[in-house]
K.L.:
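My questions all concern the structure below.
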2 protein chains.
Amino acid sequence: MTIGDVAARANVSKSAVSFVFNGRPGVGEAARERILAAARELDWRPDARARALSRSRAQALGLVIRRAPELLSNDPFFPQFVAGVESGSSDGGYALVLQVVPDRAAEKRAYERFAHESRVDGVFLTDMRLDDERVGELDRLWLPHVVVGPAAASDEPAGTIGLDDAAGVRRAVRHLSALGHRRIAHVAGVPGYVHSEVRRQAWEQELVALGLAPGPVVEGDFTGAAGARATHELLDRSDPPTAIVFANDLMAIAGMSAAADRGVRVPSDLSVVGYDDIPLAPYVQPSLTTVRQDVVEWGRACALALIATVEGREPDRVALPAAEFVVRGSTGPVPADRAPLGRPADDQPTGR
Amino acid sequence: MTIGDVAARANVSKSAVSFVFNGRPGVGEAARERILAAARELDWRPDARARALSRSRAQALGLVIRRAPELLSNDPFFPQFVAGVESGSSDGGYALVLQVVPDRAAEKRAYERFAHESRVDGVFLTDMRLDDERVGELDRLWLPHVVVGPAAASDEPAGTIGLDDAAGVRRAVRHLSALGHRRIAHVAGVPGYVHSEVRRQAWEQELVALGLAPGPVVEGDFTGAAGARATHELLDRSDPPTAIVFANDLMAIAGMSAAADRGVRVPSDLSVVGYDDIPLAPYVQPSLTTVRQDVVEWGRACALALIATVEGREPDRVALPAAEFVVRGSTGPVPADRAPLGRPADDQPTGR
DNA sequence: CTCGGGGACAGAACCGGATTACTCCTCTGC
DNA sequence: GCAGAGGAGTAATCCGGTTCTGTCCCCGAG
């Protein structure tokens with residue numbers, strides 16, 4: 001089933017068929033009808049490979065995910081993001097080529113292959129790090145790309161599509177402050193990642209804006225184990241926080257569990273805020289107060305922007321829905337014996 | 001940068017270059033060296049599009065996921081499976097093309113496009129239903145495929161790559177039975193899906209094998225909401241179960257939460273078993289006893305099998321690691337007042 | 001010494017469309 | 001009545017590889 005068969009059946013030349021299927025003028029109504037009918041009868045559609053070759057465009061977008069395969073399900077971001085990206089790509093007529101690589105070297109090779117073999121027309125850059133060198137590499141490979149990440153405060157590379165991560169975290173801090181909390185800690189993500197830093201900075205800046213001292217920060221790595229460890233570390237302090245803002249839900253839930261293990265009750269003794277709003281967030285004990293982003297829509301926007309870039313158009317500045325703060329059961333008023341502003345209760349650690 | 005440039009630089013014809021890069025004989029050592037050197041210097045690699053066209057092979061595999069985008073992150077299966085599939089595909093030199101579709105009609109169109117446009121050489125069939133009509137459709141499209149799913153007891157279509165779901169569930173039931181439980185309920189997955197049915201049957205068969213009456217079954221849909229609802233329904237009965245085997249972790253965790261809400265303690269009043277071993281399973285209160293599968297390896301095996309099929313080879317029967325039963329804190333001895341075999345304690349609902 | 005065979009390569013056709021450069025033909029305007 | 005413009009449609013070329021068909025040359029066997 002080739003374009004030639006359709007042309008023969010419609011009694012026209014291959015070019016006429018091509019014209020019709022690419023929406024260009026130069027074919028009369030009668031012929032167009034015959035061609036469409038022939039194509040329908042033969043159930044023909046232009047071969048993607050041949051089309052890719054002759055238009056020198058793969059009509060595909062690439063997404064390289066650098067993560068150990070077994071850790072991929074830790075991250076609620078990717079499934080949603082992939083779904084959104086795919087939805088946007090499909091709508092634009094592009095296929096999505098996915099690749100999962102374990103480390104930096106493999107990631108670099110993946111981009112090189114994508115570029116050299118013309119497998120994809122553009123790629124998404126996720127998990128941005130501070131001073132990420134990949135942007136330069138892609139430029140050198142002439143591989144169009146969009147950067148997926150929270151809008152970094154400064155020097156954000158052009159073509160960044162991001163949600164305002166910071167707003168959600170600020171809302172969380174204000175919420176805790178309004179509940180009377182004064183010692184609000186943060187369990188951060190892996191240092192060096194833009195989204196980790198943005199969330200940490202938002203937490204710090206909002207505290208400062210509220211006239212509070214930035215509480216302790218513990219570095220995590222977005223895993224449950226890290227969340228539990230960080231929580232123990234914070235509660236072991238002589239001045240334990242009355243509230244913790246975690247950089248993601250997985251750490252937050254593990255943190256609540258760690259707190260429960262040492263007899264610290266959430267939210268009466270300790271308030272907890274997560275980030276992501278994973279499906280399980282409403283169903284843990286207590287249900288988790290967190291920040292929700294529309295990741296699917298974000299992915300769609302990224303795909304649309306990348307397609308525009310690939311096709312030489314200027315991607316239109318999209319307004320993504322802001323992160324939403326979801327109040328549930330894991331946050332509550334500061335414990336009565338810890339509240340007073342003037343009286344530090346540092347000598348009385350929470351629990352046991 | 002084309003094969004012609006390389007040929008010119010090495011003073012040979014295009015065919016010689018092609019031969020070298022496809023490992024066929026007919027090129028002398030001297031020429032081969034010159035060609036490889038030229039290719040290296042020019043940093044040339046065969047263009048995937050051109051190669052796809054002339055070999056009439058896309059060198060890509062397709063994975064169509066039918067699921068509402070926002071529900072995709074409910075499922076711990078896909079990220080891992082995708083990672084495994086991608087790993088296997090890459091190793092075999094194939095790219096992975098992903099598509100997420102919302103419904104049956106879109107799924108059908110997706111396969112048709114894949115086939116007609118020759119975008120992929122084969123596809124994976126997931127989320128098998130009983131009497132799935134898709135296998136026939138793919139055969140009609142001449143689209144090679146492998147079926148991804150638990151080995152169904154009977155009439156499994158050829159080319160099914162699956163882990164033994166049933167073994168894990170049976171282990172769970174035996175574990176609960178050994179702890180003294182006699183009324184073991186099941187919260188099933190969406191009916192009609194092979195993996196739902198396999199788990200339900202395994203639960204039932206093992207109970208029968210142990211000489212116990214199959215307890216009540218409630219149909220769920222793998223979501224947290226369903227898990228909570230089903231748990232309430234079971235605990236509302238006049239003869240509430242002392243243990244529940246859930247078809248997945250999300251429902252199990254939501255179920256534990258629902259139990260806690262009504263004062264039923266896990267595991268002292270109620271034992272709970274999940275399925276999947278999501279990253280959070282060890283970090284909920286109490287930690288969740290569940291069944292773990294090596295989904296990544298499973299995905300790899302599927303990819304390798306599909307590649308073999310596509311290339312006309314007979315896929316070699318792989319032995320996948322069996323599902324593993326992980327005992328944690330959510331299962332315990334049957335409550336003392338409910339244990340006796342001869343004395344039904346049905347009139348005394350647990351809790352409140 | 002000659003003929004057959006095979007290895008090492010070159011050249012051309014081909015994969016299935018897109019695109020460009022033309023060729024008609026008809027309608028318009030003067 | 002005729003030149004020119006523009007629409008309809010065709011033939012040829014190209015995209016960048018793969019593969020089939022030949023050609024040349026060298027070597028060994030008879």
K.L.:
Picking from C:dG17, C:dT19, C:dG16, which would you name as closest to the side chain of A:Leu53?
P.N.:
C:dG16
K.L.:
Below 4.0 angstrom from OP1 or OP2 of C:dC15, is there any side-chain N or O of B:Arg55?
P.N.:
no
K.L.:
Here's a test of your reading of the structure: between B:Ser15 and B:Ala50, which maps to the more 5' nucleotide of DNA chain C?
P.N.:
B:Ser15
K.L.:
Which class fits the ring pair A:Phe81 and A:Phe78: parallel under 30°, tilted 30 to 60°, perpendicular over 60°?
P.N.:
perpendicular
K.L.:
Output all residues satisfying salt bridge (charged side-chain N to carboxylate O under 4.0 Å, His left out) with B:Glu137, sequence neighbours left out; order by chain, then residue number.
P.N.:
B:Arg104
K.L.:
Without decimals, in angstroms, what is the distance between A:Ile3 CD1 and D:dA11 P?
P.N.:
14 Å
K.L.:
Please enumerate all residues that pass salt bridge (charged side-chain N to carboxylate O under 4.0 Å, His left out) together with A:Arg313, with sequence neighbours excluded.
P.N.:
A:Glu311
K.L.:
Which of these nucleotides, D:dT18, D:dT10, C:dA10, is closest to any side-chain atom of B:Ser18?
P.N.:
D:dT18
K.L.:
Let's see if you get this right: which residues in residues 22-43 of chain A place a heavy atom under 4.0 Å from DNA chain C?
P.N.:
A:Asn22, A:Arg24
K.L.:
Base, sugar-phosphate, or nothing for A:Asp5, non-hydrogen atoms under 4.0 angstrom?
P.N.:
nothing
K.L.:
Relative to the ring of B:Phe222, is the ring of B:His195 parallel (under 30°), tilted (30 to 60°) or perpendicular (over 60°)?
P.N.:
parallel
K.L.:
Please state how far atom NZ in B:Lys14 lies from atom P in D:dG16, giving the value in whole angstrom units.
P.N.:
10 Å
K.L.:
Identify, with sequence neighbours excluded, every residue that meets salt bridge (charged side-chain N to carboxylate O under 4.0 Å, His left out) alongside B:Glu29.
P.N.:
none
K.L.:
Just N and O in the side chain of B:Ser13: are any of them under 4.0 Å from OP1 or OP2 of C:dA10?
P.N.:
yes
K.L.:
What residue pairs, at least two apart or across chains, pass salt bridge (charged side-chain N to carboxylate O under 4.0 Å, His left out) with a residue in residues 61-86 of chain B?
P.N.:
B:Arg66-B:Glu107, B:Arg67-B:Asp75, B:Arg67-B:Asp127
K.L.:
Quickly work out the B:Gln59 CD to D:dG17 P distance and round it to whole Å.
P.N.:
15 Å
K.L.:
Have a look at A:Phe21 and say if it touches a base, only the backbone sugar-phosphate, or nothing, with a 4.0 Å heavy-atom cut-off.
P.N.:
nothing
K.L.:
So for A:Ser56 and D:dG16, does any side-chain atom that can act as donor or acceptor lie under 3.5 Å from a complementary atom in the base?
P.N.:
no
K.L.:
Can you tell me if A:Trp44 touches the phosphate of C:dG16, counting only side-chain N or O atoms and a distance under 4.0 Å to OP1 or OP2?
P.N.:
no
K.L.:
Would you mind telling me which residue lines up with the more 5' stretch of DNA chain D, B:Asp47 or A:Ala16, judged by nearest nucleotide?
P.N.:
A:Ala16
K.L.:
Please list all pairs meeting salt bridge (charged side-chain N to carboxylate O under 4.0 Å, His left out) that have one or both residues in residues 42-59 of chain A, counting only residues at least two apart or in different chains.
P.N.:
A:Asp47-A:Arg49
K.L.:
Just the rounded figure in Å: distance from P of D:dG17 to CZ of B:Arg57.
P.N.:
18 Å
K.L.:
Atom CZ of A:Arg45 and atom P of C:dG17: how far apart are they, to the nearest Å?
P.N.:
12 Å
K.L.:
Is it true that a side-chain atom of A:Asp5 and a backbone atom of A:Thr2 form a donor plus acceptor pair closer than 3.5 Å?
P.N.:
yes
K.L.:
Looking across every strand, which nucleic acid part, if any, lies under 4.0 Å from A:Val17 by heavy atom: base, sugar-phosphate, or nothing?
P.N.:
nothing
K.L.:
Between B:Ser54 and B:Val12, who's closer to the 5' end of DNA chain C by nearest nucleotide?
P.N.:
B:Val12
K.L.:
Does B:Arg49 put a side-chain nitrogen or oxygen below 4.0 Å from OP1 or OP2 of D:dG16?
P.N.:
no
